[in-house]
Amino acid sequence: MPEIDMSWKDVAAFDELAQDKLVPVSIGDEPIILVRKGNAVTALGGKCPHKGAPLEGGTLCDRPDGEAVVVCPWHKAVFSAASGRLLEPLALDPLPHYPVEIHDGRVLVGLTPRASDVPPPMRESETVAIIGAGAGGVTAAVTLRQHGFAGRILLVGPEAELPYDRTALSKMVLSSKPEDLKIPPLRPSAFYEENNIERIEDIVTNLDIPGRIIRMRDNDPVQADHILLATGSKPVQLDLPGSQLRGVSVLRTAQDARDIVEEAGPGKTAVIVGDSFIALEAAAALRKQGVGVTVVSRNDIPFESKFGREIGQRMRELHEENGVAFVPDCNVTALTGMEKVEQIHLDDGTVLNADFVLAGIGVGPVSDYVSDHHRADDGGIEVDEHMRVAPGVYAVGDIASFPHADGRLRIEHWRTAQCQARIAARAMLGLPVEPLPTPWFWTQQYDQKLEYVGWPAKFDSIDFEGDLDQFDFMAKLKKDGRTIGMIGSRRAQAIGKACIDFDAS
C-alpha cells in the first residue's frame with residue numbers, strides 16, 4: 001500500500017467549486033475558505049482575526065482595480081482573496097494563506113499555512129511618537145511594525161490599562177455584571193513587549209509642530225522624526241446646576257463603564273440625556289441588566305437626520321418594545337440630590353427620579369495641545385490626503401479634517417480612524433498609499449444591527465426594499481436621485497460589496 005502524505009488534506013472536488021463564491025471547508029478544527037478563480041484555487045483562514053467572524057458569510061467581490069477581495073461580514077475588514085493580505089481594518093492582521101494543489105480533480109490543502117513575508121528592517125535610527133492609544137494610534141503602531149519599521153515607537157495615552165476596544169463599552173460592556181466585566185484589549189500586553197512599543201501613561205500638554213517636540217504633564221519632552229496625533233474625542237459634559245453630583249456620568253473610558261456597571265442592576269433606574277448612538281446603545285445594554293431607563297431628548301425621533309424618519313421611528317419603537325420610556329422635545333434644567341443625583345428637572349416642569357444619569361449629547365475633538373492656528377473652528381486639525389498636518393506630523397481619527405469632494409470632513413467612526421492610521425503610517429515610511437475607503441459604521445441595539453456605508457451628506461428621499469418592521473431591509477439614501485448612503489439590516493453581503501465599490505457606482 002502506498003504511503004499517505006499526512007501533510008495535505010483532501011477537502012473538495014475541484015469541479016464542484018463554484019466560481020466567485022466563498023466555499024467553507026475545514027482542516028481539523030480550523031475553518032478554511034476556498035476561493036476559485038478560473039482554474040486557480042486559494043485557501044485562506046475562515047475566521048476574521050478581529051473578532052472571529054465566519055468568513056463564509058462574508059462578501060467576495062472585485063475592487064474597482066480588479067483585485068478580488070474578501071470582506072468580513074461583521075466589521076468589514078478587507079483581505080486579498082489571492083493571498084489573505086490585510087487591505088482594510090477593522091482587523092489588524094492578515095488571513096492565514098494555505099498551500100493548495102489539485103490532483104486528479106481533487107483539491108488538496110496543506111496543513112500548515114504559508115510563512116508570512118517579513119519585510120527588511122528600515123529606519124532603525126528614527127522615532128515615531130503616537131499621541132493617543134485608541135484605535136488609530138494602535139493601528140498605526142501595528143502597521144509600522146508590519147511594514148518593517150525598526151526604529152523607536154512611543155505610544156502616549158492618558159489611561160494606565162492596555163489600549164482597548166472602545167466600541168464595546170456601550171454595545172457589550174454595560175450589559176455585564178460587575179464580576180463578569182471585561183474590557184477587550186486591542187492587543188495583548190505581550191504584543192507591545194515583543195514589538196518594542198513603549199507605552200507612556202501621560203497627557204500631552206503642548207505640541208511644537210515645527211520642531212516636532214512633545215511636552216507632557218509628567219514626563220520629559222520628546223523630539224520625534226514623525227508624530228501621529230490620534231487623540232480622538234471627549235464627551236460633552238452636562239453643564240447644569242447639580243451636574244457635579246455623584247452618579248452623573250458620560251461614557252468614554254473603561255473606568256466610565258465600570259462606574260456605570262457598579263450603579264446598574266435590576267430595580268435601578270437611569271435617565272439618559274440625549275439620543276445619540278452611544279446613548280441608545282447604552283440604553284439597550286442597561287435594559288438587559290434590568291435597569292429602568294428613561295431617555296430625555298430634544299428630538300421626537302432618534303437618528304432622524306442620519307437615518308431618516310422611518311428608520312428612526314422604528315428604532316424608537318424597538319426601545320419602547322424593550323421597556324425604555326422616551327421624554328422627547330425637552331431639555332434638562334437641573335439635577336438635584338443630597339450628595340448623589342436623585343432627581344432630574346425638565347423645562348416643562350417634569351421631575352424624574354433616577355439612581356444615576358448618563359449624558360450622551362455629543363463629543364468634541366481633543367486638540368487643545370495644538371496651537372490655535374492649526375485648529376479649525378470645530379477643533380479639528382486640517383490634513384492632506386496622506387493625513388499630513390505639516391512635515392513629519394500627521395493626524396487621524398476624530399480630530400482629522402480631511403479633504404473630500406469640494407470641502408472637508410471629520411468622520412467620528414472607528415473604522416475610518418483605523419484606515420486613516422494605515423495611510424499615515426505608510427506615508428511616514430514613504431510607501432504608496434491608497435485613497436481613504438468609503439466610511440462604514442454600525443450600531444448594535446438589543447439583537448438588531450444596522451450598518452451604514454456612505455459619506456455624510458443631506459438626503460431628500462429614501463428607497464426601501466425588504467421589511468423595516470422585522471429589521472430585514474436595505475435603505476438607499478438619495479439626493480437628487482443619486483444614492484449617497486446605504487443602511488442595511490441583515491444585509492451583510494450587500495453592505496460588504498458597497499464598502500468596496502460604493503464610490504465607483
Side-chain angles (χ1 to χ4, degrees), residues 63-65 76 78 87-90 128 130-132 134-137 139-140 143-144 147 207 209-210 212 226-233 305-306 362-441 452-459 477 479-480 482-486 498-505:
R63 292 174 122 185
D65 63 5
K76 303 307 177 272
V78 180
L87 300 175
E88 296 175 19
L90 292 180
V128 174
I130 301 171
I131 306 175
T139 299
T143 304
L144 288 166
H147 288 303
L207 174 63
I209 288 181
R212 296 196 295 278
H226 312 277
I227 296 175
L228 179 69
L229 315 181
T231 41
S233 295
S305 64
K306 294 180 174 63
V363 297
V366 178
S367 58
D368 53 352
Y369 55 91
V370 176
S371 60
D372 289 344
H373 75 276
H374 281 287
R375 286 190 289 160
D377 291 341
D378 68 352
I381 299 173
E382 291 192 358
V383 299
D384 64 14
E385 67 276 11
H386 290 174
M387 313 314 297
R388 187 182 293 109
V389 179
V393 180
Y394 301 78
V396 301
D398 295 5
I399 63 173
S401 173
F402 60 91
H404 176 72
D406 296 326
R408 286 188 167 272
L409 291 176
R410 277 196 313 109
I411 304 291
E412 296 172 344
H413 301 316
W414 177 268
R415 184 174 188 265
T416 295
Q418 289 186 293
C419 291
Q420 290 173 336
R422 285 175 58 85
I423 291 171
R426 290 179 62 87
M428 290 178 192
L429 301 180
L431 300 174
V433 300
E434 295 184 344
L436 185 67
T438 306
W440 168 89
F441 76 91
Y452 175 94
V453 60
W455 298 94
K458 293 183 178 180
F459 53 92
L477 309 183
K479 175 65 175 178
D480 298 328
R482 183 173 64 89
T483 300
I484 61 170
M486 298 170 64
C499 284
I500 299 303
D501 62 14
F502 184 87
D503 286 341
S505 60

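Just so we're clear, the structure is a prediction, and the values are computed from it rather than from any experiment.
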Identify the heavy atoms of [X] and [Y] that sit nearest to each other, and give their distance.
X      : Y      : value
Ala400 : Ala395 : CB-O, 3.5 Å
Ile411 : Pro439 : CD1-CG, 4.2 Å
Ile381 : Ser367 : CD1-CB, 3.9 Å
Val366 : Ser233 : CG2-C, 3.6 Å
Thr438 : Phe502 : CG2-CD2, 3.8 Å
Gly379 : Pro365 : C-CG, 3.6 Å

Should [X] and [Y] count as side-chain neighbours, where that means a heavy-atom distance under 4.5 Å?
X      : Y      : answer
Leu87  : Arg63  : yes
Val453 : Phe441 : no
Pro89  : Arg422 : yes
Gln420 : Phe402 : yes
Leu90  : Trp414 : yes
Pro437 : Cys499 : no
Val128 : Leu144 : yes
Tyr394 : Val383 : no

Less than 4.0 angstrom from a charged side-chain N to a carboxylate O is my criterion; do Asp378 and Arg410 meet it? yes

Would you confirm whether Arg375, through its side chain, and Val370, through its main-chain N or O, come within 3.5 Å as a donor-acceptor pair? yes

Treating Arg212 as the side-chain partner and Gly392 as the backbone partner, does any N or O pair qualify as donor plus acceptor under 3.5 Å? no

To the nearest 0.5 Å, what is the distance between [atom1] on [X] and [atom2] on [Y]?
X      : Y      : atom1 : atom2 : answer
His404 : Trp455 : NE2   : CH2   : 5.0 Å
Thr416 : Leu409 : OG1   : CG    : 10.0 Å
Glu88  : Leu436 : CD    : CG    : 9.0 Å
Leu228 : Arg388 : CG    : CZ    : 12.5 Å
Ser305 : Phe459 : OG    : CZ    : 7.5 Å

Check this for me: Arg408, atom CZ, are more than 12 non-hydrogen atoms of other residues, nucleotides or ligands nearer than 6.0 Å? yes

Have a look at His374 and tell me which of Leu229, Leu207, Ile209, Val393 forms a side chain to side chain contact (heavy atoms under 4.5 Å, CB included) with it.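 The passing option is Ile209.
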
Applying the side-chain hydrogen bond (donor to acceptor under 3.5 Å, both in side chains) test to Arg426, which of His386, Glu434, His147 qualifies?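 That would be His147.
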
